[in-house]
Amino acid sequence: MPTIKVSQESEAKVFRALLETRQPIQSIAPADKHLYIINRYQLEVLKQLGLPFEEVQQNVTPR
């Protein structure tokens, strides 16, 4: 599953778009890192909407 990093400035818009997909979202600790585990569908939605995010590869634990 893709892990994305979102800037603090765009987090509200990105998170709202993710919620509208009605798909699961996992936030990764610590919260100040703004990391989320999403699925491929959500990744495509964010790309289509042109929302800013960075796809990252990490070994992280969901909170």
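Excluded from the calculations below are hydrogen atoms, water molecules and symmetry mates; all remaining heavy atoms, backbone and side chain alike, are included.
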Under 3.5 Å, side-chain donor or acceptor atoms of residues 43-55 against the rest of the protein: list the pairs with distances, not counting sequence neighbours.
none

Quiz prompt | Pairs meeting criterion salt bridge (charged side-chain N to carboxylate O under 4.0 Å, His left out) with involvement of residues 5-14, two or more places apart | solution = none
Exercise. Kindly compute the distance separating CG (Asn39) from CD (Gln26), expressed to the nearest 0.5 Å.
Key: 10.5 Å
Quiz item: Of Ile37, Ile4, Val56, which meets side chain to side chain contact (heavy atoms under 4.5 Å, CB included) against Ile28?
Solution: Ile37
Exercise. Write out all pairs satisfying salt bridge (charged side-chain N to carboxylate O under 4.0 Å, His left out) with one or both partners inside residues 18-27, taking only residues at least two apart or from two chains.
Key: none
Self-check item: Between OH on residue Tyr36 and CG on residue Leu18, distance to nearest 0.5 Å
Solution: 8.5 Å
